[in-house]
Amino acid sequence: MQLLKKCLFFVLIFLLADTTMSFCLEKISSKSKIKFSRLYNEQIDANVLFLGNSRGLSCFYAPLFDEITGEKSFNLSHNGLTAPIINVFLEDYIARNQAPKVIFLEMSCLNDNIFVFPKFKQYMSHSNSLESLIKENNPSVYYASKISKSFSYNSEYFLRNLYFLKHNDQSHFNPRVVSDEHYDYITKDNNDLPRYLDTTFISSLENIVKQCDDNGIELIPVFAPVIDKYQDMTLISEFNNSVSASIGKEVLDLSSILSDRSMFADEVHTNNNASETITRVLHTYLQDNEIL
Amino acid sequence: MLFNSLSFLIFIALFFLLYFLTKKNARLWVCLIGSYVFYGWWDYRFLFLIAILTLLNFHFGTKLSETKNRRGYLAISIVLSLLILSFFKYYNFFIGSFISTLNFIGFRYDHNALKIILPVGISFYTFQTMSYTIDVYYKKIVPEKSLLKFATFVAFFPQLVAGPIIRASCFLPQLQEDRKITHTTFINGMHLIIWGFFLKVVLADSLSLTVDNQFAMPETQSSISMLFGIIFYSFQIYGDFAGYSLIAIGIAKSLGFHFPQNFNRPYIASSLSDFWKRWHISLSSWLRDYLYIPLGGNRDGRAKTYRNLMITMLLGGLWHGASWNFVIWGGIHGAALIVNHQWNKCRIKKKMNNFNDSFFIKMLTPFSILSTFFIVTLAWVFFRASDINDAMLIISKALDFTSYSFSGLTNKFYVAKGIALITFVLMVEITSMNTFIKKAYENNEYLAITCSALVLLLIFLLGSFGNNSFIYFQF
């Protein structure tokens with residue numbers, strides 16, 4: 001009897017603390033200026049949307065794009081995002097905002113990494129699609145979130161929520177410059193580019209393409225710049241051709257536009273030194289093709 | 001099966017149910033069969049090995065009380081145990097080192113390494129069974145008559161694969177009687193398990209996200225990243241190993257068995273000697289009692305004391321793994337212990353000892369703690385690095401003060417989380433030393449339960465659940 005009493009006390013304290021903690025953390029999350037908190041708590045109504053993984057995050061710089069083009073843009077890229085979850089975020093964005101006119105989609109997000117989905121579990125209560133995606137692909141995470149509501153906030157992404165409480169992550173950029181040591185370490189033969197260029201999952205783009213078609217959005221697939229040692233690799237052109245053939249849209253290939261290695265944080269990610277060059281190229285593309 | 005896995009959760013639930021439903025011998029059978037199921041889950045072939053070691057040492061223990069040639073039987077039992085351990089753990093290492101030496105002096109010889117699977121926990125239960133026969137020889141304990149009890153002592157699952165190394169004199173008497181399990185012992189065991197899981201799943205596994213990144217490609221990391229990497233590794237290995245030990249001790253406690261403490265706030269040690277009274281206490285005491293003291297200890301003058309210390313630490317290093325990295329790690333600790341001994345004997349230190357509780361001593365203690373931590377952390381680099389060259393590169397980068405720049409720090413969020421977790425754990429450990437707080441915690445069960453409930457919440461909120469193995473399983 002004593003043991004049962006103490007066990008019940010333990011469970012009660014746990015549930016009480018868990019509910020209180022999750023309530024406080026949700027309040028913090030809703031006030032954060034980080035992009036996905038803004039997605040689920042704010043009206044954004046951007047004309048141009050940037051989507052992709054870390055390569056999209058580093059190469060698209062929304063504040064400069066707004067300044068140069070005069071169009072309101074919003075960068076929904078994040079490290080490790082893959083097409084299925086990008087599709088969910090796009091769906092949720094369209095449900096809450098005016099559909100954008102243009103979407104730039106960085107193409108190296110085609111892989112089957114399902115382990116990135118739980119990073120965003122804190123937003124499950126805001127999105128049925130996200131909840132279904134996590135339930136289907138990460139059931140243990142889903143059910144653990146049901147046992148403990150605070151578990152939903154157990155992610156690196158929530159730590160970022162805290163960091164961006166006061167300032168906007170749209171103006172965050174990568175200041176790192178690839179070091180001489182790292183540059184010497186990079187070789188064409190020993191590279192992880194194939195990880196980013198897996199055509200096995202091109203079909204995961206279909207839903208994104210369909211959403212864009214259904215909402216009259218101009219989808220522009222982009223291949224972000226890579227460092228000089230990786231440029232002109234046939235792997236890249238083959239990948240772009242496969243994507244183009246699959247979705248019927250030409251990929252805007254920016255892989256070789258930057259020769260200055262000081263514009264790179266590492267072999268596949270640009271830094272803020274590259275922002276203006278890339279933004280002007282995107283602007284020129286929009287003007288030349290009379291989009292916007 | 002790992003402690004932090006779903007299969008273990010199911011296993012332990014079933015085990016507890018059967019354990020509490022049975023009594024006396026039936027309960028021992030539950031312990032033994034449960035332990036063999038636990039061990040066989042890794043690889044059923046390991047069961048033959050543990051069974052052989054059990055039967056051998058049981059036989060030798062019995063013989064030691066019957067025969068006149070006690071020394072001979074002891075020698076055979078130790079040699080056989082060490083041969084088994086050496087074959088599985090060190091065969092390829094010794095052969096590889098021998099061949100490298102031959103090649104170095106000009107004799108070309110090619111050899112294909114044998115594909116030997118290292119049985120999980122072999123280092124631990126080999127030492128455990130050796131301590132039994134040695135204690136029987138020295139008549140510290142009587143030989144166990146029941147094979148069931150002896151087999152349970154050897155294979156008891158909570159401490160089987162990663163310690164603590166439990167002496168027969170401690171555990172066998174507890175197996176003689178039916179354990180009285182009160183709700184207090186059960187709950188106290190649960191407290192230890194929860195804190196153990198916190199150290200493993202929150203502290204160790206969170207820090208590993210940074211550490212694995214830094215140690216994987218040290219040539220691409222900045223100095224400050226490397227500095228954080230090595231400091232974080234010190235706490236990762238602590239959280240991992242101390243966490244496992246606490247879970248093992250907690251499970252045993254819940255079942256009514258008392259196992260001694262294996263870690264006692266090692267990073268507040270004020271000297272290397274103090275460190276080894278706080279870190280992996282079951283191993284350090286085993287090495288002291290069965291290696292250092294039989295070698296002569298500190299009885300035969302300074303030179304022999306230092307020789308004995310160095311041999312003990314070098315072999316202690318080798319126990320951890322079949323690699324020169326571990327030998328170097330042991331050597332660093334041996335050298336540091338020798339310096340520590342020398343310092344304790346020098347006149348300045350003796351004069352300082354006279355200043356009890358003085359302001360001077362209080363000022364010196366933080367310096368002693370930090371310098372001990374510094375040496376221990378540098379030694380850990382050899383433990384973690386893939387080879388000696390990498391270890392030297394990592395240390396040189398981490399200590400390159402002139403290159404420190406926060407802009408070079410990668411994964412800042414994980415680093416911030418790591419710093420916060422380390423600070424929290426240190427605060428809990430230091431606070432728990434306070435007599436008032438300790439008494440309040442021990443005397444108020446509901447306060448203790450509240451703390452454990454909050455720690456469980458922190459596990460859900462901050463834990464890293466990537467099914468990470470325990471570092472010491474590789475030993």
Side-chain angles (χ1 to χ4, degrees), chain A residues 1-22 24-25 79 115 118 122 138-141 143-145 147-164 174-186 265-267 271, chain B residues 5-6 20 181-188 190-191 194 201-202 205-206 209-210 217-223 225 254 393 397 403 405-418 420 445-467:
Chain A
M1 195 60 196
Q2 281 282 347
L3 183 60
L4 186 63
K5 237 169 76 177
K6 286 170 185 170
C7 289
L8 283 172
F9 180 76
F10 176 86
V11 170
L12 188 68
I13 296 291
F14 175 79
L15 289 175
L16 200 64
D18 183 50
T19 307
T20 310
M21 178 69 83
S22 65
C24 296
L25 296 177
N79 301 335
F115 297 109
Q122 71 191 81
N138 316 93
S140 53
V141 170
Y143 290 113
S145 301
I147 295 170
S148 164
K149 293 186 187 121
S150 301
F151 180 69
S152 302
Y153 300 90
N154 180 347
S155 69
E156 181 227 348
Y157 199 74
F158 183 72
L159 294 179
R160 288 175 185 262
N161 269 234
L162 300 174
Y163 181 76
F164 288 108
N174 193 341
R176 287 179 64 213
V177 177
V178 62
S179 65
D180 292 339
E181 259 174 341
H182 191 107
Y183 185 76
D184 293 338
Y185 179 77
I186 299 165
D266 60 41
E267 57 268 46
N271 58 29
Chain B
S5 68
L6 188 59
F20 289 118
I181 304 151
T182 62
H183 72 269
T184 305
T185 56
F186 181 79
I187 287 172
N188 287 344
M190 289 294 135
H191 290 321
I194 289 173
V201 166
V202 179
D205 289 351
S206 297
L209 298 170
T210 306
M217 288 196 301
E219 54 281 322
T220 62
Q221 300 297 328
S222 64
S223 291
S225 289
S254 310
L393 173 64
K397 275 206 160 196
S403 301
S405 162
F406 277 102
S407 62
L409 193 60
T410 52
N411 298 319
K412 290 186 177 74
F413 295 103
Y414 286 135
V415 170
K417 183 182 177 185
E445 275 191 309
Y446 284 95
L447 174 63
I449 291 170
T450 303
C451 291
S452 286
L454 294 177
V455 170
L456 181 64
L457 178 65
L458 288 177
I459 291 171
F460 273 102
L461 184 61
L462 301 170
S464 182
F465 298 96
N467 235 7

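Throughout, a chain's letter reflects where its sequence line sits, starting with A, and its residues are numbered from 1.
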### Message
Counting only non-hydrogen atoms closer than 4.5 Å, does B/Leu457 touch chain A with its backbone (N, CA, C, O), its side chain (CB onward), both, or neither?
### Response
both

### Task
Heavy atoms only, distances under 4.5 angstrom: which of A/Met21, A/Gln2, A/Lys6, A/Glu181 has the most pairs with chain B? Name it, please.
A/Lys6

### Task
Go through the side-chain N and O atoms of A/Asn161 and A/Gln122 and say whether any donor and acceptor fall under 3.5 Å apart.
yes

### Message
So for B/Leu458, is it side chain, backbone, both, or neither that comes closer than 4.5 Å to the heavy atoms of chain A?
### Response
neither

### Query
With only heavy atoms counted, which part of A/Leu16 is less than 4.5 Å from chain B, the side chain, the backbone, both or neither?
neither

### Message
Please evaluate residues B/Phe460 and A/Asp18 with respect to the criterion side chain to side chain contact (heavy atoms under 4.5 Å, CB included), reporting the C-alpha separation (whole Å), side-chain torsions for both, the decisive distance (0.1 Å), and the verdict.
### Response
CA-CA 9 Å; B/Phe460 273 102; A/Asp18 183 50; 5.9 Å; no

### Query
If you count the non-hydrogen atoms of other residues, nucleotides and ligands that lie under 6.0 Å from OH in A/Tyr163, is the total more than 12?
no

### Query
Where on A/Ile147 is there a heavy atom nearer than 4.5 Å to chain B: the side chain, the backbone, both, or neither?
side chain

### Task
Could you have a look at B/Thr184, B/Leu461, B/Ile449 and say which one has the most heavy-atom pairs with chain A under 4.5 angstrom?
B/Leu461

### Message
Run the side chain to side chain contact (heavy atoms under 4.5 Å, CB included) test on A/Lys149 and A/Thr19 for me, step by step, so that the C-alpha distance in whole Å, both residues' side-chain angles and the decisive distance to 0.1 Å come before the verdict.
### Response
CA-CA 7 Å; A/Lys149 293 186 187 121; A/Thr19 307; 4.2 Å; yes

### Task
Heavy-atom distances under 4.5 Å only: say whether B/Tyr446 touches chain A with side chain, backbone, both or neither.
both

### Task
Let me see the working for B/Phe465 and B/Ile459 under side chain to side chain contact (heavy atoms under 4.5 Å, CB included), right down to the final yes or no.
CA-CA 10 Å; B/Phe465 298 96; B/Ile459 291 171; 4.0 Å; yes

### Task
Please flag which part of B/Met190 lies under 4.5 Å from any non-hydrogen atom of chain A: side chain, backbone, both or neither.
neither

### Message
With a 4.5 angstrom heavy-atom cut-off, is it the side chain or the backbone of B/Ser452 that approaches chain A, or both, or neither?
### Response
both

### Query
Does B/Lys412 NZ have over 12 foreign heavy atoms under 6.0 Å away?
yes

### Query
In chain order, what residues pass the ring-ring contact (aromatic ring centres under 6.0 Å, His included) check against A/Phe10, with sequence neighbours excluded?
none

